[in-house]
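What follows is a short report on a single structure.
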Amino acid sequence: MFSFRRKRLRIAILCLFLLLVIWVVLRLFSYHGVNFSPVPLIESKEELKRPYCGFYHLYGYTLSEEGTGQAVSWCNNMLRNDSQSIILLEINLRNYSDKALTEKALGQLGAIFSAFSTSGKEIILRFLYDWDGKAPETEPDDRQLIQTHMEQAASVVNRYSSHIFLMQGVFTGDCGEMHNTKYGANEDITVLMNTLSDVISPDIFLSVRTPQHLRTIVGSASPISHSEQYNGTLKSRLGLYNDGMLGNEFDCGTYGDTSFTESHDHTQKGTRQEELAFQNALCEYVPNGGEVVLDNPYNDLKAAVSDLSQMHVSYLSCDHDGDVLTKWKQSVYVGEKGDGFNGVSGYNYIAAHLGYRFVIREINFTCTEGLDPTVTFSIVVNNVGFSAAYRNFDFNVILRNNYSGRETSFPLDVDARTILPGSTCQITATTPSLSKGSYSVILSMTDPATELPVPFANTGIESDGKFPCGQLAVS
């Protein structure tokens, strides 16, 4: 009996030993080593086509009773040679200055929005009653009718909120610029903007002609704070447009010639230096853009780059002022040592930096060990553009199996709006468990509203905006 028990014990020990040997062998032959080889991270000098920013063309259409056919033909003609990402669309309501908009007029409006959004354009929108510098002659006699027009237009505008980035003004003034108008009093502009804010989708930014207008409307001398950003209130989405940009010391009436008083009355204008400082804080969270005008020292290249950066400008007309734009094209940008843009034209430099511009600066990785390893990437993103993005984007890492072509995508937890101009952001992401193989690691950013790609400003970007940033080997 004792001999039998000893025999069973020896067999059990032998079995355990064999299982241990098998486990060790499997570990030796099945352990996955991981290696990541990043590509050189070099900033591109290309302008890049990015949603919601860049140079734009202006198109104007007068609503009428002629139906949608004419409007669609007009849109197709305008779009034929337009390669820009954004447009400024001005809709003239002068035919309805004494009555409500009709179904035919609203039908035209919808047809125009449909044509431009289908073509992939993001729209900067301005309603007005005047293109001739005679706004008081064509504006409605009753402010309530303007408010009615706002409410009627909103029923169409909101259907296209994914492609309408922002609206300029409150429908009043010469060329819709809120000056030389029956409705320029503080009460008028405040009531009209509050009406617009109430009826227009909170996804669409609003904007006014001067910082003075903005402070008057929100009732505060302080720009929006970090805690107030993107919360859906009027203050959180009210930006600026400046069609007298860099025109002289006062930006053609945008700024004043006296400093703020000690009490800082929020309805007064400040000096250029004070208003630039105000915009520097405000426009980290809301858009700013317009037209440069009148060739003068304030729009010489070095001064222009400084002020455009401080104002966080994200969009500019590529049609006006021709003399200023020509001056930029004939100027040569000179930056700090090592700046890859040294030697490019001033126009190309500005075009590349309008709005946000994301550059991948570093990619590091760590991995877990074992049969099914995971990889954690640490990615450093730098925004070298004049402004923030203002709308959030979907940021993903894609692993493409180099043998099968199969792709696995997983999101990065980052709000693109928080990567402010001049700042860097470190983002981490961990992959699912990986099997043996060779993978291309690809970074992708997409605008969920328009489904358009948001390209990184690195060399080696693919035609669809994706950035193959390295190779991952799991052995």
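Side-chain atoms are counted along with the backbone in the values below, which use heavy atoms only and exclude waters and symmetry mates.
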Within the 4.5 Å heavy-atom criterion, are [X] and [Y] side-chain neighbours or not?
| X | Y | value |
| --- | --- | --- |
| Tyr255 | Glu249 | no |
| Ile419 | Cys425 | yes |
| Lys269 | Phe250 | no |
| Val39 | Phe467 | yes |
| Val359 | Val381 | no |
| Gln426 | Glu362 | no |
| Leu166 | Tyr390 | no |
| Phe113 | Leu89 | yes |

Test side chain to side chain contact (heavy atoms under 4.5 Å, CB included) applied to Ser207 and Gln168, step by step: CA-CA 5 Å; Ser207 53; Gln168 296 180 336; 3.5 Å; yes
Side chain to side chain donor-acceptor pair (under 3.5 Å) partners for Glu122, two or more places apart: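 Glu122 satisfies side chain to side chain donor-acceptor pair (under 3.5 Å) with no other residue.
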Contacts of type side chain to side chain donor-acceptor pair (under 3.5 Å), residue Trp74, not counting sequence neighbours: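 Listed in chain order: nothing, the list is empty.
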[X] side chain to [Y] backbone, donor-acceptor under 3.5 Å:
| X | Y | result |
| --- | --- | --- |
| Asn280 | Met311 | no |
| Glu47 | Ala352 | no |
| Glu177 | Asp174 | no |
| Asn158 | Ser201 | yes |
| Asp300 | Lys302 | no |
| Ser119 | Phe116 | yes |
| Glu275 | Gly270 | yes |
| Trp328 | Tyr349 | no |
| Asp243 | Gly290 | no |
| Asn76 | Ser73 | no |

Rounded to the nearest 0.5 Å, how far apart are [atom1] of [X] and [atom2] of [Y]?
| X | Y | atom1 | atom2 | answer |
| --- | --- | --- | --- | --- |
| Asp251 | Leu294 | CG | CG | 10.0 Å |
| Asn288 | Leu240 | CG | CG | 5.0 Å |
| Leu206 | Lys235 | CG | NZ | 15.5 Å |
| His266 | Phe260 | NE2 | CZ | 12.0 Å |
| Ser117 | Ile112 | OG | CD1 | 11.5 Å |
| Leu238 | Arg215 | CG | CZ | 12.0 Å |

Quick one about [Y] and [X] (side-chain donor to acceptor, distance below 3.5 Å, no hydrogens or angles considered), yes or no?
| X | Y | value |
| --- | --- | --- |
| Asn231 | Ser236 | yes |
| Tyr129 | His149 | yes |
| Asp447 | Thr450 | yes |
| Thr254 | Arg272 | no |
| Glu228 | Thr233 | no |
| Gln471 | Ser440 | yes |
| Thr376 | Thr430 | yes |
| Tyr315 | Gln84 | no |

Heavy atoms only: give me the nearest [X]-[Y] pair and the separation to one decimal.
| X | Y | answer |
| --- | --- | --- |
| Arg391 | Ala449 | NH1-CB, 4.1 Å |
| Ala153 | Leu101 | N-CD1, 4.4 Å |
| Asn382 | Val384 | OD1-CG1, 3.3 Å |
| Ser85 | Cys53 | CB-O, 4.3 Å |
| Pro51 | Leu452 | CG-CB, 4.1 Å |
| Ile146 | Val170 | CG2-O, 4.1 Å |

Tell me if the [atom1] atom of [X] is crowded by more than 12 foreign heavy atoms within 6.0 Å.
| X | atom1 | answer |
| --- | --- | --- |
| Asn77 | CG | yes |
| Asn81 | CG | no |
| His320 | NE2 | no |
| Glu407 | CD | yes |
| Lys329 | NZ | yes |

Pair Phe36 + Phe377: ring centers closer than 6.0 Å: yes
Ring centres under 6.0 angstrom apart (Tyr347, Phe55):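 Centroid separation for Tyr347 and Phe55: below 6.0 Å.
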Chi angles and distances behind the side chain to side chain contact (heavy atoms under 4.5 Å, CB included) call for Ile123, Ile86: CA-CA 6 Å; Ile123 300 169; Ile86 56 176; over 6 Å; no
Side chain to side chain contact (heavy atoms under 4.5 Å, CB included) between Val324 and Val293, intermediate numbers included: CA-CA 7 Å; Val324 179; Val293 297; 6.0 Å; no
Test log, rule side-chain hydrogen bond (donor to acceptor under 3.5 Å, both in side chains), inputs Thr172 and Glu139: CA-CA 7 Å; Thr172 63; Glu139 291 175 341; 4.7 Å; no
Residues Met193, Met178; criterion side chain to side chain contact (heavy atoms under 4.5 Å, CB included); working and verdict: CA-CA 11 Å; Met193 180 52 76; Met178 300 176 64; over 6 Å; no
SB check Arg361 Glu43 (cutoff 4.0 Å): yes
Qualifying ring-ring contact (aromatic ring centres under 6.0 Å, His included) pairs with a residue from residues 194-241, counting only residues at least two apart or across chains: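 Pairs touching residues 194-241 that pass the test: Phe165-Phe205.
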Partner of Tyr356 under ring pair (Phe, Tyr, Trp, His ring centres under 6.0 Å), chosen from Phe393, Phe456, Phe386: Phe393
